[in-house]
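FYI, side chains are in, hydrogens and waters are out, and symmetry mates aren't considered; it's all heavy atoms of this structure. Both ligands and their constituent atoms are indexed starting at 1 by order of listing.
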Amino acid sequence: MKYVVCVPDGCADEPVDELGGRTPLEYARLPVLSSLAARATVGRARTIPAGLPPGSDVGNMAIFGYDPARYHTGRAPIEAAALHLDLTGRIAYRCNLVNVAADGTMVDFAGGHPDNDTAAEVIKALDAELGGEVSFHPGVQYRHIMLAPPTWAEADCHPPHDLTGQPALGPTGPAGARLQELMDRSKAVLSRFELDANQIWLWGQGPGPDMPRFADRFGLQGGLCTEVDLVRGLGVLAGLRITEVEGANAWYDTNYEGMRDAAIDGLRDGTDLWIVHIEASDEAGHAGNVEEKVKALENWDTRVLAGLVDALNGMGPWRMLLLPDHATPLRLKTHTPDPVPYLLFDSTVDGPGGCYTERDTAACTPVVAHELMAALLQR
Ligand SMILES: [Zn+2]
(Lines give C-alpha, C1' and ligand atoms only; values in the text may rest on other atoms or scores of the structure.)
Protein backbone atom coordinates (compact mmCIF):
# COMPACT_ATOMS: atom_id res chain seq x y z
CA MET A 1 0.00 0.00 0.00
CA LYS A 2 1.24 3.49 -0.88
CA TYR A 3 -0.03 6.60 0.90
CA VAL A 4 -0.10 10.22 -0.19
CA VAL A 5 -1.12 13.30 1.80
CA CYS A 6 -2.02 16.43 -0.18
CA VAL A 7 -2.09 19.82 1.55
CA PRO A 8 -3.34 22.77 -0.53
CA ASP A 9 -2.44 25.35 2.13
CA GLY A 10 -5.37 27.49 3.23
CA CYS A 11 -7.63 26.35 0.36
CA ALA A 12 -10.88 26.30 2.36
CA ASP A 13 -12.92 29.49 2.03
CA GLU A 14 -16.33 31.15 2.22
CA PRO A 15 -18.92 31.87 -0.50
CA VAL A 16 -17.52 34.67 -2.69
CA ASP A 17 -19.69 37.28 -4.48
CA GLU A 18 -17.41 37.37 -7.56
CA LEU A 19 -17.91 33.61 -7.90
CA GLY A 20 -21.71 33.86 -7.83
CA GLY A 21 -21.87 33.00 -4.16
CA ARG A 22 -19.74 29.88 -4.56
CA THR A 23 -16.49 29.11 -2.74
CA PRO A 24 -13.27 28.66 -4.76
CA LEU A 25 -13.55 24.88 -4.19
CA GLU A 26 -17.09 24.95 -5.60
CA TYR A 27 -16.25 27.25 -8.51
CA ALA A 28 -12.96 25.77 -9.71
CA ARG A 29 -12.92 23.05 -12.40
CA LEU A 30 -11.56 20.06 -10.49
CA PRO A 31 -12.40 16.88 -12.43
CA VAL A 32 -9.77 14.68 -10.77
CA LEU A 33 -10.57 15.79 -7.23
CA SER A 34 -14.29 15.38 -7.95
CA SER A 35 -13.84 11.83 -9.22
CA LEU A 36 -11.79 10.94 -6.13
CA ALA A 37 -14.41 12.51 -3.85
CA ALA A 38 -17.17 10.51 -5.56
CA ARG A 39 -15.55 7.30 -4.21
CA ALA A 40 -13.99 8.66 -1.00
CA THR A 41 -15.01 9.45 2.53
CA VAL A 42 -15.53 13.20 2.69
CA GLY A 43 -16.00 15.12 5.91
CA ARG A 44 -14.80 18.00 8.08
CA ALA A 45 -11.69 18.12 10.24
CA ARG A 46 -10.61 20.42 13.05
CA THR A 47 -6.95 21.14 12.33
CA ILE A 48 -6.52 23.89 14.94
CA PRO A 49 -7.13 22.82 18.57
CA ALA A 50 -8.93 25.35 20.79
CA GLY A 51 -6.54 27.90 22.28
CA LEU A 52 -3.81 27.55 19.63
CA PRO A 53 -3.22 30.12 16.87
CA PRO A 54 -4.49 29.10 13.39
CA GLY A 55 -0.98 28.96 11.95
CA SER A 56 0.40 26.65 9.28
CA ASP A 57 2.72 25.16 11.93
CA VAL A 58 -0.23 24.08 14.09
CA GLY A 59 -2.41 22.86 11.20
CA ASN A 60 0.34 20.92 9.47
CA MET A 61 1.52 19.36 12.72
CA ALA A 62 -2.01 17.97 13.08
CA ILE A 63 -2.04 16.73 9.48
CA PHE A 64 1.32 14.99 10.08
CA GLY A 65 -0.46 13.02 12.83
CA TYR A 66 0.76 14.84 15.95
CA ASP A 67 -1.62 16.51 18.42
CA PRO A 68 -0.61 20.21 18.45
CA ALA A 69 -2.10 20.59 21.94
CA ARG A 70 0.59 18.14 23.11
CA TYR A 71 3.55 18.77 20.80
CA HIS A 72 3.38 22.42 19.71
CA THR A 73 5.85 24.46 21.77
CA GLY A 74 5.96 27.59 19.59
CA ARG A 75 6.72 28.61 16.06
CA ALA A 76 10.40 29.46 16.44
CA PRO A 77 11.54 25.96 17.52
CA ILE A 78 10.00 24.50 14.35
CA GLU A 79 11.79 27.07 12.19
CA ALA A 80 15.00 26.37 14.12
CA ALA A 81 14.60 22.68 13.22
CA ALA A 82 14.34 23.66 9.55
CA LEU A 83 17.79 25.28 9.97
CA HIS A 84 19.03 22.09 11.71
CA LEU A 85 19.87 24.02 14.89
CA ASP A 86 20.38 21.94 18.03
CA LEU A 87 17.95 23.07 20.75
CA THR A 88 19.35 20.88 23.52
CA GLY A 89 19.39 23.07 26.63
CA ARG A 90 18.28 26.10 24.64
CA ILE A 91 15.06 27.73 23.51
CA ALA A 92 14.47 29.39 20.14
CA TYR A 93 13.13 32.87 19.44
CA ARG A 94 12.06 34.03 16.02
CA CYS A 95 14.16 37.11 15.21
CA ASN A 96 12.56 39.34 12.56
CA LEU A 97 14.34 42.24 10.94
CA VAL A 98 11.63 44.93 11.20
CA ASN A 99 11.08 48.63 10.64
CA VAL A 100 9.71 50.60 13.58
CA ALA A 101 9.09 54.35 13.06
CA ALA A 102 10.54 57.00 15.41
CA ASP A 103 7.07 57.42 16.96
CA GLY A 104 7.05 53.71 17.85
CA THR A 105 4.72 52.48 15.08
CA MET A 106 5.41 49.05 13.53
CA VAL A 107 5.85 50.06 9.89
CA ASP A 108 7.04 46.78 8.33
CA PHE A 109 7.30 43.41 10.05
CA ALA A 110 9.30 42.15 7.04
CA GLY A 111 11.93 44.93 7.13
CA GLY A 112 11.55 45.62 3.40
CA HIS A 113 12.35 41.97 2.52
CA PRO A 114 16.18 42.17 2.66
CA ASP A 115 18.09 39.77 0.41
CA ASN A 116 19.52 36.68 2.08
CA ASP A 117 23.18 37.69 1.74
CA THR A 118 22.71 41.10 3.34
CA ALA A 119 20.54 39.60 6.05
CA ALA A 120 23.20 36.98 6.82
CA GLU A 121 25.78 39.78 7.27
CA VAL A 122 23.44 41.59 9.66
CA ILE A 123 22.82 38.43 11.70
CA LYS A 124 26.59 37.79 11.85
CA ALA A 125 27.14 41.33 13.17
CA LEU A 126 24.34 40.91 15.73
CA ASP A 127 25.91 37.66 16.93
CA ALA A 128 29.32 39.32 17.25
CA GLU A 129 28.03 42.31 19.23
CA LEU A 130 25.02 41.00 21.17
CA GLY A 131 25.87 37.29 21.28
CA GLY A 132 27.20 35.40 24.28
CA GLU A 133 24.37 34.24 26.46
CA VAL A 134 22.26 34.25 23.30
CA SER A 135 23.23 33.45 19.71
CA PHE A 136 21.89 34.61 16.33
CA HIS A 137 21.41 32.31 13.32
CA PRO A 138 20.59 33.39 9.77
CA GLY A 139 17.46 32.13 8.04
CA VAL A 140 15.72 33.61 5.00
CA GLN A 141 15.10 37.30 4.16
CA TYR A 142 13.71 38.92 7.33
CA ARG A 143 13.15 35.62 9.20
CA HIS A 144 15.96 34.54 11.54
CA ILE A 145 16.48 32.67 14.81
CA MET A 146 17.92 33.60 18.20
CA LEU A 147 18.78 30.83 20.66
CA ALA A 148 18.71 31.60 24.39
CA PRO A 149 18.86 29.83 27.77
CA PRO A 150 15.56 28.25 28.90
CA THR A 151 14.96 30.95 31.54
CA TRP A 152 14.48 33.45 28.72
CA ALA A 153 11.21 31.76 27.73
CA GLU A 154 9.21 33.64 30.36
CA ALA A 155 7.91 36.50 28.26
CA ASP A 156 4.76 37.57 26.45
CA CYS A 157 5.73 38.68 22.96
CA HIS A 158 3.63 40.11 20.15
CA PRO A 159 3.95 38.74 16.60
CA PRO A 160 5.11 41.79 14.61
CA HIS A 161 2.70 41.10 11.70
CA ASP A 162 -0.17 41.64 14.16
CA LEU A 163 1.17 45.12 15.00
CA THR A 164 1.41 46.58 11.48
CA GLY A 165 0.44 50.27 11.59
CA GLN A 166 0.03 50.07 15.36
CA PRO A 167 2.23 50.85 18.38
CA ALA A 168 5.07 48.31 18.49
CA LEU A 169 4.25 46.79 21.87
CA GLY A 170 7.38 45.34 23.42
CA PRO A 171 7.66 42.09 25.37
CA THR A 172 6.41 41.81 28.96
CA GLY A 173 6.92 39.20 31.67
CA PRO A 174 10.04 38.17 33.61
CA ALA A 175 12.34 38.02 30.54
CA GLY A 176 10.71 41.00 28.81
CA ALA A 177 13.29 43.58 29.89
CA ARG A 178 16.23 41.48 28.65
CA LEU A 179 14.52 40.98 25.28
CA GLN A 180 13.71 44.68 25.01
CA GLU A 181 17.34 45.54 25.76
CA LEU A 182 18.52 43.32 22.89
CA MET A 183 15.92 44.81 20.54
CA ASP A 184 17.06 48.34 21.52
CA ARG A 185 20.77 47.53 21.19
CA SER A 186 20.16 45.99 17.75
CA LYS A 187 19.33 49.46 16.36
CA ALA A 188 22.98 50.56 16.39
CA VAL A 189 24.04 47.37 14.58
CA LEU A 190 21.37 47.62 11.87
CA SER A 191 22.08 51.34 11.32
CA ARG A 192 25.43 50.38 9.75
CA PHE A 193 23.72 48.50 6.88
CA GLU A 194 21.81 49.68 3.80
CA LEU A 195 18.47 48.33 4.98
CA ASP A 196 14.83 49.28 5.43
CA ALA A 197 14.88 47.31 8.68
CA ASN A 198 16.09 49.30 11.69
CA GLN A 199 15.89 46.80 14.55
CA ILE A 200 15.17 43.17 15.45
CA TRP A 201 11.89 41.85 16.87
CA LEU A 202 11.89 38.76 19.09
CA TRP A 203 8.81 36.51 19.41
CA GLY A 204 7.36 33.01 18.93
CA GLN A 205 9.68 31.41 21.50
CA GLY A 206 9.73 27.88 22.83
CA PRO A 207 11.82 24.80 23.56
CA GLY A 208 12.32 22.06 20.97
CA PRO A 209 9.16 19.93 20.69
CA ASP A 210 9.58 16.36 21.85
CA MET A 211 8.04 14.78 18.73
CA PRO A 212 8.59 11.06 18.15
CA ARG A 213 9.88 10.24 14.71
CA PHE A 214 7.19 9.47 12.15
CA ALA A 215 8.66 6.02 11.45
CA ASP A 216 8.54 5.11 15.16
CA ARG A 217 5.05 6.50 15.62
CA PHE A 218 3.42 4.98 12.54
CA GLY A 219 5.76 2.17 11.55
CA LEU A 220 6.56 3.34 8.04
CA GLN A 221 8.84 5.75 6.22
CA GLY A 222 7.42 9.16 5.31
CA GLY A 223 8.61 11.79 2.86
CA LEU A 224 7.81 15.45 2.28
CA CYS A 225 8.11 18.18 -0.30
CA THR A 226 7.23 21.73 0.73
CA GLU A 227 8.23 25.27 -0.18
CA VAL A 228 8.01 26.63 3.35
CA ASP A 229 10.59 26.60 6.19
CA LEU A 230 7.92 26.12 8.83
CA VAL A 231 6.59 22.93 7.25
CA ARG A 232 10.13 21.75 6.40
CA GLY A 233 10.93 22.15 10.13
CA LEU A 234 8.05 19.85 11.02
CA GLY A 235 9.44 17.34 8.54
CA VAL A 236 12.89 17.52 10.16
CA LEU A 237 11.37 17.05 13.63
CA ALA A 238 9.34 14.06 12.40
CA GLY A 239 12.39 12.56 10.68
CA LEU A 240 10.79 12.65 7.23
CA ARG A 241 12.76 12.29 4.03
CA ILE A 242 12.67 15.79 2.50
CA THR A 243 13.10 16.54 -1.20
CA GLU A 244 13.88 20.09 -2.34
CA VAL A 245 12.19 20.95 -5.64
CA GLU A 246 13.77 23.47 -7.99
CA GLY A 247 11.46 26.39 -8.78
CA ALA A 248 9.20 25.61 -5.82
CA ASN A 249 8.84 29.22 -4.72
CA ALA A 250 5.70 29.31 -2.53
CA TRP A 251 4.09 31.61 -5.09
CA TYR A 252 1.42 31.36 -7.82
CA ASP A 253 3.95 30.24 -10.46
CA THR A 254 5.51 27.50 -8.33
CA ASN A 255 6.74 24.25 -9.87
CA TYR A 256 3.62 22.11 -9.41
CA GLU A 257 4.91 19.35 -11.67
CA GLY A 258 8.18 19.26 -9.74
CA MET A 259 6.31 18.79 -6.45
CA ARG A 260 4.19 16.04 -8.03
CA ASP A 261 7.24 14.26 -9.44
CA ALA A 262 9.10 14.49 -6.12
CA ALA A 263 6.21 12.60 -4.54
CA ILE A 264 6.06 10.01 -7.33
CA ASP A 265 9.84 9.48 -7.27
CA GLY A 266 9.87 9.23 -3.47
CA LEU A 267 7.09 6.64 -3.46
CA ARG A 268 8.74 4.67 -6.29
CA ASP A 269 12.05 4.76 -4.39
CA GLY A 270 10.47 2.84 -1.52
CA THR A 271 9.09 5.59 0.72
CA ASP A 272 5.69 4.39 1.95
CA LEU A 273 3.99 7.76 2.42
CA TRP A 274 4.55 11.15 0.84
CA ILE A 275 3.25 14.56 1.91
CA VAL A 276 2.89 17.27 -0.76
CA HIS A 277 2.39 20.76 0.69
CA ILE A 278 1.86 23.67 -1.72
CA GLU A 279 1.47 27.27 -0.60
CA ALA A 280 -0.16 29.11 -3.55
CA SER A 281 -3.79 28.79 -2.40
CA ASP A 282 -2.88 30.35 0.96
CA GLU A 283 -0.96 33.22 -0.66
CA ALA A 284 -3.99 33.95 -2.89
CA GLY A 285 -6.17 33.98 0.23
CA HIS A 286 -3.85 36.46 1.99
CA ALA A 287 -3.85 38.67 -1.10
CA GLY A 288 -7.64 38.48 -1.47
CA ASN A 289 -6.97 37.36 -5.06
CA VAL A 290 -10.05 35.38 -6.15
CA GLU A 291 -8.73 34.51 -9.61
CA GLU A 292 -5.39 33.18 -8.31
CA LYS A 293 -7.08 31.13 -5.59
CA VAL A 294 -9.28 29.40 -8.18
CA LYS A 295 -6.26 28.94 -10.44
CA ALA A 296 -4.21 27.46 -7.59
CA LEU A 297 -6.90 24.82 -7.06
CA GLU A 298 -7.13 24.06 -10.78
CA ASN A 299 -3.33 23.75 -10.89
CA TRP A 300 -3.54 21.17 -8.11
CA ASP A 301 -6.03 19.20 -10.18
CA THR A 302 -4.35 19.27 -13.60
CA ARG A 303 -0.69 19.57 -12.61
CA VAL A 304 -0.49 17.48 -9.43
CA LEU A 305 -3.45 15.17 -8.84
CA ALA A 306 -3.95 13.95 -12.44
CA GLY A 307 -0.39 12.66 -12.84
CA LEU A 308 -0.15 11.54 -9.22
CA VAL A 309 -3.28 9.37 -9.50
CA ASP A 310 -2.00 7.84 -12.77
CA ALA A 311 1.37 7.03 -11.19
CA LEU A 312 -0.19 5.63 -8.01
CA ASN A 313 -2.49 3.38 -10.04
CA GLY A 314 0.65 1.90 -11.58
CA MET A 315 2.14 1.15 -8.13
CA GLY A 316 -0.65 -1.04 -6.75
CA PRO A 317 -3.20 -0.21 -4.04
CA TRP A 318 -2.99 3.26 -2.53
CA ARG A 319 -4.74 5.71 -0.23
CA MET A 320 -4.91 9.49 -0.19
CA LEU A 321 -5.68 12.07 2.49
CA LEU A 322 -6.32 15.60 1.22
CA LEU A 323 -7.04 18.66 3.35
CA PRO A 324 -5.73 22.18 4.01
CA ASP A 325 -4.02 23.06 7.30
CA HIS A 326 -6.58 25.85 7.94
CA ALA A 327 -8.91 28.10 5.96
CA THR A 328 -7.60 31.38 4.50
CA PRO A 329 -10.82 33.14 3.41
CA LEU A 330 -10.41 35.71 0.62
CA ARG A 331 -12.72 38.08 2.49
CA LEU A 332 -10.59 38.05 5.68
CA LYS A 333 -7.14 37.69 4.03
CA THR A 334 -5.99 35.74 7.07
CA HIS A 335 -6.23 32.28 8.62
CA THR A 336 -9.25 31.06 10.59
CA PRO A 337 -9.42 28.09 13.01
CA ASP A 338 -12.70 26.80 11.50
CA PRO A 339 -12.95 23.11 10.53
CA VAL A 340 -11.94 22.36 6.92
CA PRO A 341 -13.13 19.72 4.43
CA TYR A 342 -11.07 16.54 4.21
CA LEU A 343 -11.06 13.62 1.80
CA LEU A 344 -9.92 10.04 2.49
CA PHE A 345 -9.63 7.87 -0.62
CA ASP A 346 -8.81 4.16 -0.88
CA SER A 347 -8.20 2.77 -4.35
CA THR A 348 -9.47 -0.65 -3.24
CA VAL A 349 -12.73 0.52 -1.65
CA ASP A 350 -15.85 2.18 -3.03
CA GLY A 351 -16.47 4.67 -0.24
CA PRO A 352 -19.70 6.52 0.51
CA GLY A 353 -18.64 9.35 -1.82
CA GLY A 354 -19.46 13.05 -1.69
CA CYS A 355 -18.37 16.46 -2.91
CA TYR A 356 -15.15 18.00 -1.63
CA THR A 357 -16.59 21.41 -0.76
CA GLU A 358 -17.23 23.45 2.37
CA ARG A 359 -21.01 23.41 1.73
CA ASP A 360 -21.32 19.66 1.20
CA THR A 361 -19.39 18.89 4.37
CA ALA A 362 -20.93 21.67 6.51
CA ALA A 363 -23.31 19.26 8.25
CA CYS A 364 -20.58 16.72 9.12
CA THR A 365 -19.43 16.57 12.74
CA PRO A 366 -15.75 17.61 12.65
CA VAL A 367 -13.17 14.91 13.33
CA VAL A 368 -9.87 15.71 15.06
CA ALA A 369 -7.35 16.28 12.28
CA HIS A 370 -4.36 14.69 14.04
CA GLU A 371 -6.28 11.39 14.09
CA LEU A 372 -6.65 11.36 10.28
CA MET A 373 -3.10 10.06 9.74
CA ALA A 374 -3.95 6.92 11.75
CA ALA A 375 -7.22 6.65 9.78
CA LEU A 376 -5.28 6.91 6.51
CA LEU A 377 -2.84 4.21 7.63
CA GLN A 378 -5.61 2.22 9.37
CA ARG A 379 -3.38 1.94 12.42
ZN1 LIG B 1 -1.11 27.38 6.12
Below 30° counts as parallel, above 60° as perpendicular, anything between as tilted: where do the rings of H335 and H286 land?
tilted
How about H326: does one of its N, O or S atoms come closer than 2.8 Å to the Zn ion (ligand 1)?
yes
Got an N, O or S from N60 under 2.8 Å of the Zn ion (ligand 1)?
no
S56 atom OG and D325 atom OD2 as seen from the Zn ion (ligand 1), angle to 10 degrees
100°
Among all residues two or more places apart in sequence or in another chain, which pass the salt bridge (charged side-chain N to carboxylate O under 4.0 Å, His left out) test with D325?
none
Closest approach to the Zn ion (ligand 1) by D9, given as the N, O or S atom name:
OD1
Hey, can you tell me if F214 and Y66 have their rings parallel, tilted or perpendicular (30° and 60° cut-offs)?
tilted
Would you say the Zn ion (ligand 1) has E279 as a near neighbour, meaning an N/O/S atom of that residue under 2.8 Å away?
no
Do E279 and T254 have side-chain N/O donor and acceptor atoms under 3.5 Å apart?
no
Using only heavy-atom distances, determine whether the side chains of D9 and H326 contain a donor-acceptor pair under 3.5 Å.
yes
